[in-house]
Every structure is written in C-alpha cells, then in structure tokens.
Amino acid sequence: MARRTFTVVDNVEIYVHWYAGRSKNQLAASLGVDRKTIRKYLAPAEASGMAPGGPPMSEADWDKLIKSWFPELARRRLNQVTWAEIEPHRDLVKGLLETTTVTTIHQRLRYEGKLAVSLSTFHRWVTENLPDESARSKVTVLRDDVEPGAEAQIDYGFLGQWINPSTGKRHRIWAFVMVLPCSRHMFVRPGQALRPALTPHPRRRPVRKKTSASSS
C-alpha cells in the first residue's frame, strides 16, 4: 500500500470518522493508510479514555488535541508554509553557500527585504533542501597568506538588544565588522540600524599619496 504524507487536517479526518463509529479497517481502506498508522494516531485518544459515540467534538476540538499529541505535525505544516517563502531564492542561496555562512545569507536576505522567516527556519530549509552545499559550507579551508593592504573581510549582523539606561527603551543593535586578514586587526562599528552601521566612518578621510616636489 502506498504511503501517505499526513498533516493535521488529515488526522482530523481520521478522528472525525473514527468518532462517528467507523472501524480502523474501514478507515485504512477508505483513506489509503496502513492500519498500523491508523492505530498509532488513535492510540492517544484511546489511552485517554475516549471512544466512538462520546460527547460531541468539533474539528477545532480535534485539531487542538492532535497538536498536543503530535506537535511535530504542526511544525511540519508550519514548515510547508514558511519554506515556500524561501524557495524562490534557492539558486541565490545555493551560490552564496560557496563563500558565505548560512547565518550571513539569512541576515542579507532579511536586510534586503526578501525574507521574513526566522534564522532557525532558514537553517532547517538549507539543511533539508541543500544538504550537500550545507555540508560544504561547514568545512574550513586553509588559505594562503594575504599581503598587507591587499584584502579586507567585511561582515555585518545583529548583536542583540540594549536597554537605554536614560529612557528605559529597548533597542536592536547591529554591527559592521571589517577584519584585515594579514594583521587580524578588527574594526567594529555598532549602530541601532543596519544601514547607518554600513556607512563610512565619519572620521574617515581619503588617503592621498605623498609626492616629492620635482626639481627644476
């Protein structure tokens, strides 16, 4: 018998028909589900003393009970909703994973207004849908030494929340980070918004090369 993927709605259907008096064999035949699966999902109801023909139960009542008995089904349904938001960016995420961490990709997509899902949801999507790329992104590759002044590594991200002692208000703090690979010197500029944190430092001045005066 072909296996069937279940959601909370599917299980509500099982309980409604079972509560109306249909046998487990009838449920298995009509829904195309193995009898062992039917027994598995009905076991919590029977263990709590419920039986067909009891007090009236609405679909909302069953839905609430099923979520408490099988919370993983609710999470699976949530994934089906939120993962659809990530799917259009599959090719972009796949390409970025070659050089960028999952956390940084999530921060970038949220900053650009392309995603609203949480980091944990994004991590689960990457692990389930791009397993090879996800595994490669966790491998640390040793690089050749970098010449002084040849390269700067830039990143940005959410640091946490800070409570202003004067006003008592809570603020989200972001940071722009630049690391010089040769010396490992790090520059960090925090800010209450990500965009200001990415703007040049106000004290920064253009670097001009010194030239010696030509002799006549």
Report task. For I163 and H171, run side-chain contact (heavy atoms from CB on, under 4.5 Å): C-alpha distance rounded to whole Å, both residues' side-chain angles, the deciding distance at 0.1 Å, then the answer. Result -> CA-CA 6 Å; I163 299 178; H171 301 275; over 6 Å; no
Query raised in the report: Are V126 and L119 co-members of a hydrophobic cluster defined by side-chain heavy atoms under 4.5 Å apart?
Result: no
Query - Straight-line distance of L92 CG to L109 CG, nearest 0.5 Å - result: 6.0 Å
Query raised in the report: Taking C-beta and beyond as the side chain, do H106 and W125 meet within less than 4.5 Å on heavy atoms?
Result: no
Query raised in the report: Between N164 and S166, what is the shortest heavy-atom contact and its length?
Result: OD1-N, 2.8 Å
Query raised in the report: Say you draw a straight line from CG of L96 to CD1 of I105; how long is it, rounded to the nearest 0.5 Å?
Result: 4.5 Å
Report summary line: For K64, the salt bridge (charged side-chain N to carboxylate O under 4.0 Å, His left out) test, sequence neighbours excluded, returns none
Query raised in the report: Mind checking who shares a hydrophobic cluster with V188, ILVMFWY linked at side-chain heavy-atom distances under 4.5 Å?
Result: V177, V179, M186
Query raised in the report: What's the shortest heavy-atom distance between L180 and A152, and which atoms?
Result: CD2-CB, 4.0 Å
Requested in this report: Find the distance between CG (L42) and CD1 (I14) and round it off to the nearest 0.5 Å.
Outcome: 6.5 Å
Query raised in the report: What are the two closest non-hydrogen atoms of K24 and R35, and how far apart are they?
Result: O-CG, 4.4 Å
Report summary line: One should read off an interatomic distance between I38 CD1 and R22 CZ, to the nearest 0.5 angstrom, of 10.0 Å
**Report entry** salt bridge (charged side-chain N to carboxylate O under 4.0 Å, His left out) partners for E147, two or more places apart
**Finding:** none
Report task. Please determine, by modelled atom types, if D61 and S58 share a side-chain donor-acceptor pair under 3.5 angstrom. Result -> yes
Requested in this report: For A43, enumerate each residue passing the side-chain contact (heavy atoms from CB on, under 4.5 Å) test, keeping only those at least two apart in sequence or located in another chain.
Outcome: none
Report task. Verify, without hydrogens or angle tests, whether T104 (side chain) and T100 (backbone) share a donor-acceptor contact under 3.5 angstrom. Result -> no
Query raised in the report: Checking side-chain contact (heavy atoms from CB on, under 4.5 Å) for the pair H17/Q26: CA distance, chi angles, key distance, verdict?
Result: CA-CA 9 Å; H17 288 288; Q26 289 174 327; over 6 Å; no
**Report entry** Closest heavy-atom pair and its distance - E46, W18
**Finding:** CG-CZ2, 3.9 Å
Query - Partner residues of R110 under the salt bridge (charged side-chain N to carboxylate O under 4.0 Å, His left out) criterion, sequence neighbours left out - result: none
Report task. May I ask you to test the Q153-M178 pair for a side-chain heavy-atom distance under 4.5 Å? Result -> no
Query raised in the report: Mind checking what makes ring-ring contact (aromatic ring centres under 6.0 Å, His included) contact with W62, not counting sequence neighbours?
Result: Y15, Y19
